[in-house]
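FYI, the numbering just counts along the sequence from 1. All heavy atoms count here, side chains included; hydrogens, waters and symmetry mates do not.
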Amino acid sequence: LSHNFCNCKNEQKKGLLFLVSGFGEIDNLGDKYLRKLTHNIKKSLEFFKTSKITIRHHPFATYNKWVPDLQNCLKKEGIISEIDYAEEHISHVACKYIGVIGMPSMGLRDTIMMCGDKTKIVCFENLSKVRYPFPKGVLFQKEVMWLNDKNEISNINYSSVSNNLNIQKI
C-alpha cells in the first residue's frame with residue numbers, strides 16, 4: 001500500500017476500529033479471553049477519550065463466530081458496539097477512525113503503511129501472544145503503540161516511522 005491511498009485529511013475521525021483477527025478460526029473464544037479483550041478495548045477507548053467502537057469482521061467469515069459474545073461482554077460494560085462486515089477494503093475504512101486496535105494482522109499493517117501517524121495503532125501485546133510468541137516482531141515495533149500486561153499503552157516515536165517504512169509513491 002501507499003500513502004496515496006490514505007484519505008485521513010478528508011475524514012472527520014471518530015471512535016476506534018477493532019479488527020477481528022489474532023485468534024484464527026475458532027468457534028468460541030472462552031470467558032478468559034473475552035474478558036481480556038473487553039478490558040483491552042475498554043482501556044483503548046479510555047486512552048483515546050472516545051466511546052465509539054466498531055468491530056470489523058475478518059474477511060473470512062469463519063473467524064467471526066465469537067463476535068456476538070464479544071458484543072455481549074462489551075454491552076455488560078456499558079459499551080455499545082457497531083459491526084463493520086468488511087465489505088470494503090481496509091484502505092476505504094481505516095481513515096474514518098482515530099485509531100485501529102487489535103492483534104497483529106495484515107489489516108493493521110496495511111493501515112500503518114497507508115496512514116503512517118494519521119491513524120493511531122494499538123496492539124494488544126498479551127492477547128497477541130496467543131498466536132505469536134514475540135508479537136512485536138510481527139509488526140513494525142516503533143510504529144505501533146502496545147497495550148501491555150501492566151495496562152500501559154506505550155508511546156510511539158513518529159520521527160522514526162517514515163525512515164523505517166518502505167513506501168512507494170504510485
Side-chain angles (χ1 to χ4, degrees), residues 13 15-84 86 90 93-94 97-117 119-158 160-161 164-165:
K13 293 176 168 286
L16 298 178
L17 182 67
F18 169 68
L19 301 185
V20 172
S21 63
F23 295 108
E25 192 172 348
I26 59 171
D27 292 339
N28 186 329
L29 202 51
D31 290 340
K32 173 184 169 185
Y33 290 115
L34 283 170
R35 279 193 309 275
K36 285 183 176 185
L37 193 51
T38 299
H39 172 78
N40 287 355
I41 290 172
K42 189 174 181 178
K43 177 68 178 175
S44 298
L45 288 168
E46 291 168 1
F47 181 82
F48 287 106
K49 297 176 177 59
T50 185
S51 60
K52 178 182 173 161
I53 183 73
T54 301
I55 301 170
R56 181 175 168 88
H57 272 197
H58 192 281
F60 300 144
T62 54
Y63 278 46
N64 303 311
K65 293 179 182 178
W66 51 268
V67 170
D69 295 332
L70 174 61
Q71 279 192 289
N72 288 334
C73 286
L74 290 169
K75 189 174 183 177
K76 287 177 187 174
E77 292 290 324
I79 301 168
I80 305 303
S81 58
E82 299 175 3
I83 297 290
D84 174 329
I90 191 73
V93 176
Y97 296 90
I98 299 165
V100 180
I101 62 175
M103 285 74 77
S105 66
M106 295 301 284
L108 285 181
R109 190 219 51 179
D110 287 352
T111 303
I112 294 165
M113 296 296 290
M114 181 178 68
C115 299
D117 65 348
T119 300
K120 309 300 183 234
I121 306 292
V122 174
C123 259
F124 304 151
E125 186 174 355
N126 280 345
L127 285 172
S128 300
K129 291 178 181 176
V130 170
R131 193 167 191 180
Y132 305 107
F134 304 103
K136 289 184 177 181
V138 178
L139 288 175
F140 310 107
Q141 185 171 347
K142 293 181 180 175
E143 289 78 4
V144 174
M145 293 181 281
W146 293 88
L147 174 59
N148 65 24
D149 60 347
K150 295 177 185 169
N151 213 24
E152 301 166 333
I153 296 179
S154 65
N155 287 326
I156 193 169
N157 180 3
Y158 287 118
S160 70
V161 172
N164 291 338
L165 299 179

Practice problem: Show your reasoning for whether side-chain contact (heavy atoms from CB on, under 4.5 Å) applies to Asp84 and Val93. | Solution: CA-CA 9 Å; Asp84 174 329; Val93 176; 3.4 Å; yes

Quiz prompt | Heavy-atom side-chain proximity of Glu82 to Ile53 below 4.5 angstrom | solution = no

Quiz item: Measuring from Lys43:NZ to Phe124:CZ, what's the distance to the nearest 0.5 Å?
Solution: 12.0 Å

Quiz prompt | Asn148 side, atom CG; Glu125 side, atom CD - distance, nearest 0.5 Å | solution = 6.0 Å

Exercise. Evaluate the side-chain proximity of Phe48 to Lys120: yes if any heavy-atom separation is below 4.5 Å, no if none is.
Key: yes

Quiz prompt | Side-chain touch Val122/Trp146, heavy atoms, less than 4.5 angstrom | solution = no

Self-check item: Within 6.0 Å of CG in Asn151, more than 12 heavy atoms from elsewhere
Solution: yes

Quiz item: How many angstroms lie between atom OG of Ser44 and atom CE of Met145, to the nearest 0.5 angstrom?
Solution: 8.5 Å

Practice problem: Keeping the roles fixed (side chain from Lys49, backbone from Glu46), state whether a donor-acceptor pair exists under 3.5 Å. | Solution: no

Practice problem: Compare all side-chain heavy atoms of Tyr97 with those of Lys52 and state whether any distance is below 4.5 angstrom. | Solution: yes

Quiz item: Mind checking whether Thr111 and Ile121 have side chains closer than 4.5 Å, heavy atoms only?
Solution: yes

Self-check item: Note, Met103 side chain near Phe23 side chain (heavy atom, < 4.5 Å)
Solution: yes

Self-check item: Reported CG-to-CZ distance for the pair Leu45 and Phe18, which is rounded to 0.5 angstrom
Solution: 11.5 Å

Below 3.5 Å, can you tabulate the donor-acceptor pairs from side chains in residues 66-76 to any protein atom, sequence neighbours excluded?
from  : atom 1 : to    : atom 2 : distance (Å)
Trp66 : NE1    : Tyr63 : O      : 3.2
Gln71 : NE2    : Ser81 : OG     : 3.2
Asn72 : ND2    : Pro68 : O      : 3.4

Quiz item: What distance separates Leu19 CG from Thr54 OG1, expressed to the nearest 0.5 Å?
Solution: 11.0 Å

Exercise. Could you check if a side-chain atom of Thr119 sits within less than 4.5 angstrom of a side-chain atom of Lys13, using non-hydrogen atoms only?
Key: yes

Quiz item: Going through the checks in order, is the side-chain contact (heavy atoms from CB on, under 4.5 Å) test met by Val144 and Leu108?
Solution: CA-CA 9 Å; Val144 174; Leu108 285 181; over 6 Å; no

Quiz item: Is the side chain of Ser128 donor-acceptor paired with the backbone N or O of Pro135 at a distance under 3.5 Å, no angle test?
Solution: no

Quiz item: Can you tell me how far the NE2 atom of His58 sits from the NZ atom of Lys65, to the nearest 0.5 Å?
Solution: 13.5 Å

Exercise. Evaluate the side-chain proximity of Ile90 to Leu17: yes if any heavy-atom separation is below 4.5 Å, no if none is.
Key: yes

Quiz prompt | Cys123 versus Pro104, closest heavy-atom pair with distance | solution = SG-N, 3.9 Å

